[in-house]
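Reading through the structure tokens given below for one structure.
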Amino acid sequence: MAQSLNFFVSSSRSPDFTISTNSYSKPMLQTPNRFLSFTKSPRKPLVLVSASADNGQGGLSAVTADFVSDNGTKPITIAQPDSSSIEVDSVTEAELKENGFRSTRRTKLVCTIGPATCGFEQLEALAVGGMNVARINMCHGTREWHKTVIERVRRLNEEKGYAVAIMMDTEGSEIHMGDLGGASSAKAEDGEVWTFSVRAYDSLRPERSITVNYDGFAEDVKVGDELLVDGGMVRFEVIEKIGPDVKCLCTDPGLLLPRANLTFWRDGSLVRERNAMLPTISSKDWLDIDFGIAEGVDFIAVSFVKSAEVINHLKSYIKARSRDGDIAVLAKIESIDSLKNLKEIIQASDGAMVARGDLGAQIPLEQVPLAQQKIVETCRKLNKPVIVASQLLESMIEYPTPTRAEVADVSEAVRQRADALMLSGESAMGQFPDKALTVLRSVSLRIEKWWREEKRHEVMELPDIASSFSDSISEEICNSAAKMANNLEVDALFVYTKDGHMASLLSRSRPDCPIFAFTTDTSVRRRLNLQWGLIPFRLGFSDDMESNLNKTFSLLKARGMIKSGDLVIAVSDMLQSIQVMNVP
Ligand SMILES: Nc1ncnc2c1ncn2[C@@H]1O[C@H](COP(=O)(O)OP(=O)(O)O)[C@@H](O)[C@H]1O
Ligand SMILES: C=C(OP(=O)(O)O)C(=O)O
Ligand SMILES: [K+]
Ligand SMILES: [Mg+2]
């Protein structure tokens with residue numbers, strides 16, 4: 001006869017969690033105040049059972065009980081929830097209260113975290129300044145360093161109510177220089193001869209010598225090739241090969257930065273010999289990915305993606321290992337191959353990045369703007385979030401104001417209605433990370449406002465993307481709701497979504513009003529933070545839309561974020577309907 005173990009789960013602050021014993025695991029959705037049973041087969045003795053409740057967020061409601069029993073009943077109480085709470089970040093809340101719905105920023109901001117921004121206060125300053133996603137670049141720093149940054153961001157979220165997501169960016173199999181033996185940079189002058197070598201210098205790095213991370217380097221280059229550092233920031237010409245050493249003459253002087261990217265060119269085109277055969281995800285990347293899964297990062301951005309296959313592979317790898325399979329995979333478009341297979345790659349991914357740094361080293365610079373336009377458009381059509389990255393405010397690494405050209409570049413990305421803009425060196429190692437973020441924020445707000453004032457409703461034809469009939473219904477509802485919202489000039493769209501899909505479909509239409517996205521899941525909330533126009537809230541809700549709406553109205557009213565009379569359109573995952581109403 002089967003026996004049961006009963007756990008009484010009084011409630012939880014975050015209602016989605018998994019209860020597991022050493023032999024059973026059971027996900028629970030919104031099950032406060034009830035008994036949960038595990039049935040044991042008679043063949044397995046009922047002895048020590050370690051039970052834990054884990055909401056997957058690093059222990060908000062974690063409970064562990066060593067359990068000895070023959071009749072198997074042991075009550076477990078999990079922290080009392082604040083069932084009447086709604087979570088939204090304080091910056092959004094203040095913006096909404098002060099300036100109303102229209103003032104909220106639609107374009108999301110990603111900041112690369114580095115030595116200039118890794119402290120808790122520095123991270124908090126970025127969150128206050130509007131950072132939606134923190135990016136860690138596995139090209140640099142140690143895993144311990146990255147772990148500390150992740151912990152600090154998590155602490156910031158828990159203590160201050162932010163939903164800053166974490167993006168881990170893989171190193172990828174690019175060819176790059178070594179780390180300059182700890183020096184922050186080295187100056188290469190016109191006419192100097194430098195040695196690029198695959199040798200690892202064990203002690204001091206000889207003067208004017210650079211290590212290269214790719215073993216085939218000395219074999220692949222030819223005398224006469226042009227060697228570009230960081231896509232042309234410094235240029236050399238290969239003049240002699242001596243075993244593992246390649247002697248190069250500096251033809252365009254400049255600063256060499258640690259681990260700078262290297263490409264070599266022959267007769268005007270990029271040389272892709274054996275290095276083209278390097279795996280997209282190297283063995284070091286797999287270790288970093290395991291680290292990212294263990295740390296529960298929200299996004300993994302894959303460098304130098306060549307095909308959809310590698311994305312599919314990584315997605316199934318994550319699915320098999322991550323607790324909820326909820327790490328989104330972003331494809332970095334930064335190579336010739338990724339442009340060739342653009343549609344399939346984006347289709348397979350959960351989003352993409354226009355990684356203009358390396359892209360500009362692989363295709364002629366004048367083609368980068370067109371590539372950007374095409375990538376942004378393709379992502380929009382396929383409903384995948386897209387980030388425009390690299391050199392948006394490059395001069396702000398050193399100076400407190402951007403160039404006019406940089407402001408124009410940021411404006412163009414906002415005008416293209418990309419989901420997100422990204423800072424790299426500006427926030428990782430620049431002198432003015434907060435100022436750079438402020439520029440992104442104010443330019444975004446200004447261009448978005450201009451766009452609405454001009455009433456430039458979309459001309460973009462959005463193709464049907466649903467893969468099932470029920471998806472088609474969601475898609476039609478969202479397209480119609482967004483259109484209605486514009487025509488009726490409503491104040492906000494509300495979407496109640498468990499996995500975020502309906503929210504992303506609304507975002508895809510780029511409506512004039514902000515989209516309040518309510519989700520029960522904290523990790524979905526963080527991921528929605530990358531998408532255009534979404535204001536993600538965490539809220540416990542049921543399948544009863546009437547009560548969800550009443551609850552939301554009263555919670556938001558109590559906090560002064562909406563007021564009686566505001567016009568709202570609500571849609572939901574659970575109920576396929578569009579409701580138009582005034583806040584009571
Ligand atoms: N974790 C880190 N530790 C030290 N320096 C970093 C880190 N992350 C970024 N940086 C610095 O910021 C610069 C810009 O960052 P990013 O654009 O992400 O990298 P890359 O220049 O390698 O493409 C890097 O070149 C590096 O100097
Ligand atoms: C974002 C990019 O990738 P990374 O900084 O990792 O080179 C880029 O190349 O633009
Ligand atoms: K990288
Ligand atoms: Mg790159």
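For the single chain, residues carry numbers from 1 onward in sequence order. In this text the structure is predicted, and so the values were computed from the model without any measurement.
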Q: Considering non-hydrogen atoms only, spot the tightest contact between E95 and S103 and give its length.
A: O-OG, 3.4 Å

Q.
Using 0.5 Å steps for rounding, measure from the OH atom of Y399 to the CD atom of E406.
A. 11.0 Å

Q) Going by heavy atoms in the side chains, are E476 and I473 under 4.5 Å from each other? A) no

**Q.** Interatomic spacing from CD1 in I515 to CD1 in I569 - rounded to 0.5 Å
**A.** 11.5 Å

Q: Taking atom CD of E366 as the centre, report whether more than 12 heavy atoms of other residues, nucleotides or ligands fall under 6.0 Å from it.
A: yes

Q | K435 NZ: over 12 foreign heavy atoms closer than 6.0 Å | A | no

Q | N-O pairing of K498 and D543 below 4.0 Å | A | yes

Q | Shortest non-hydrogen contact between A436 and E426, atoms and distance | A | CB-CB, 4.1 Å

Q: Taking the side chain as every heavy atom from C-beta outward, state whether K551 and F518 have any atom pair closer than 4.5 Å.
A: no

Q: Would you confirm whether E475, through its side chain, and L505, through its main-chain N or O, come within 3.5 Å as a donor-acceptor pair?
A: no

Q. Counting N and O atoms only, with roles assigned by atom type, does the side chain of R538 sit under 3.5 Å from a partner on the main chain of E87, one being a donor and the other an acceptor?
A. no

**Q.** Side chain to side chain, T170 and M138, heavy atoms closer than 4.5 Å
**A.** no

Q: Would you give the length of the straight line joining atom CG of L423 to atom CZ of R135, rounded to the nearest 0.5 angstrom?
A: 10.5 Å

Q. Okay, side chain of Q122, backbone of A116: is any donor-acceptor separation there less than 3.5 Å?
A. yes

**Q.** S504 and N383 side chains, donor-acceptor separation under 3.5 Å
**A.** yes

Q) About how many Å separate CD1 of I327 and CD1 of I300, when rounded to the nearest 0.5 Å? A) 4.5 Å

Q.
Is any side-chain heavy atom of I293 closer than 4.5 Å to one of Y317?
A. yes

Q: Examine distances only and state if a side-chain atom of T112 and a backbone atom of S427 form a donor-acceptor pair shorter than 3.5 Å.
A: no

(Q) So does Q347 get a backbone contact from the side chain of K384, meaning a donor-acceptor N/O pair under 3.5 Å? (A) yes

Q) So, for C118 and L123, which heavy atoms are closest and what is the spacing to 0.1 Å? A) O-CD1, 3.7 Å

Q: Using atom types as modelled and distance alone, determine if a side-chain donor or acceptor of S316 lies under 3.5 Å from a backbone N or O of H313.
A: yes

Q.
Does this structure show an ion pair linking R526 with D298, if we count only N-O contacts that are shorter than 4.0 Å?
A. yes

Q. Could you go step by step and tell me if T117 and C111 meet the side-chain contact (heavy atoms from CB on, under 4.5 Å) rule?
A. CA-CA 9 Å; T117 40; C111 300; over 6 Å; no

Q | CD (E309) with more than 12 external heavy atoms under 6.0 Å | A | no

Q: Kindly give the heavy-atom pair with the smallest separation between M131 and I113, and that separation in Å.
A: SD-CD1, 4.1 Å

(Q) Do V414 and W532 make a side-chain contact, defined as non-hydrogen atoms from C-beta onward lying under 4.5 Å apart? (A) no

Q: Let me know which of D419, N132, L506 forms a side-chain contact (heavy atoms from CB on, under 4.5 Å) with Q531.
A: D419

Q: Would you mind reporting whether L330 and L530 have side-chain heavy atoms less than 4.5 Å apart?
A: yes

Q: For I333 and L339, run side-chain contact (heavy atoms from CB on, under 4.5 Å): C-alpha distance rounded to whole Å, both residues' side-chain angles, the deciding distance at 0.1 Å, then the answer.
A: CA-CA 7 Å; I333 310 300; L339 286 175; 3.8 Å; yes

Q) Quick one: are K315 and D350 in side-chain contact, heavy atoms under 4.5 Å? A) yes

Q: State whether the side chain of R510 and the backbone N or O of R417 hold a donor-acceptor pair below 3.5 Å, judged by distance alone.
A: yes

(Q) Can a side-chain donor-acceptor contact be found between Q391 and R356 if the only test is distance below 3.5 angstrom? (A) no

Q.
Check this for me, if you would: do E171 and R259 make a salt bridge, where the nitrogen-to-carboxylate-oxygen distance has to be below 4.0 angstrom?
A. yes

Q: Heavy atoms only: give me the nearest T107-A420 pair and the separation to one decimal.
A: CG2-CA, 4.3 Å

Q) About how many Å separate CG of N529 and CG of D89, when rounded to the nearest 0.5 Å? A) 7.0 Å

Q.
Looking at E93 and K97, is there a salt bridge between them, counting it only when a charged N and a carboxylate O are closer than 4.0 Å?
A. yes

Q. Between the side chain of S564 and the main-chain N/O of P584, is any donor-acceptor distance below 3.5 Å?
A. yes

(Q) Main chain of K374, side chain of T378: is a donor-acceptor contact present, judged purely on distance under 3.5 Å? (A) yes

**Q.** Residue pair D230 / A260: nearest heavy atoms and the distance that separates them
**A.** OD2-CB, 3.9 Å

**Q.** E546, CD: over 12 other non-hydrogen atoms inside 6.0 angstrom
**A.** no

Q) So with a 6.0 Å cut-off around CE of M574, is the heavy-atom count from everything else above 12? A) yes

**Q.** Ion pair check, K381 and E377, cut-off under 4.0 Å
**A.** yes

Q: Evaluate the side-chain contact (heavy atoms from CB on, under 4.5 Å) criterion for residues Y496 and D573: first the C-alpha distance (whole Å), next the side-chain angles of each, then the deciding distance (0.1 Å), finally the verdict.
A: CA-CA 6 Å; Y496 295 81; D573 273 354; over 6 Å; no

**Q.** E334 side chain near S303 side chain, heavy-atom distance below 4.5 Å
**A.** yes

(Q) Donor-acceptor pair, distance only, cut-off 3.5 Å: does the side chain of D566 make one with the backbone of K563? (A) yes

Q: Determine whether the side chains of R106 and T104 contain a donor N or O and an acceptor N or O closer than 3.5 Å.
A: yes

Q | Inter-residue atom distance F537.CZ - L528.CG, 0.5 Å rounding | A | 12.0 Å

Q.
If you apply the rule side-chain contact (heavy atoms from CB on, under 4.5 Å), what do you find for D326 with R527, and how did you get there?
A. CA-CA 9 Å; D326 61 356; R527 265 179 289 139; 3.3 Å; yes

**Q.** Ionic contact status for R415 with E412, cut-off 4.0 Å
**A.** yes

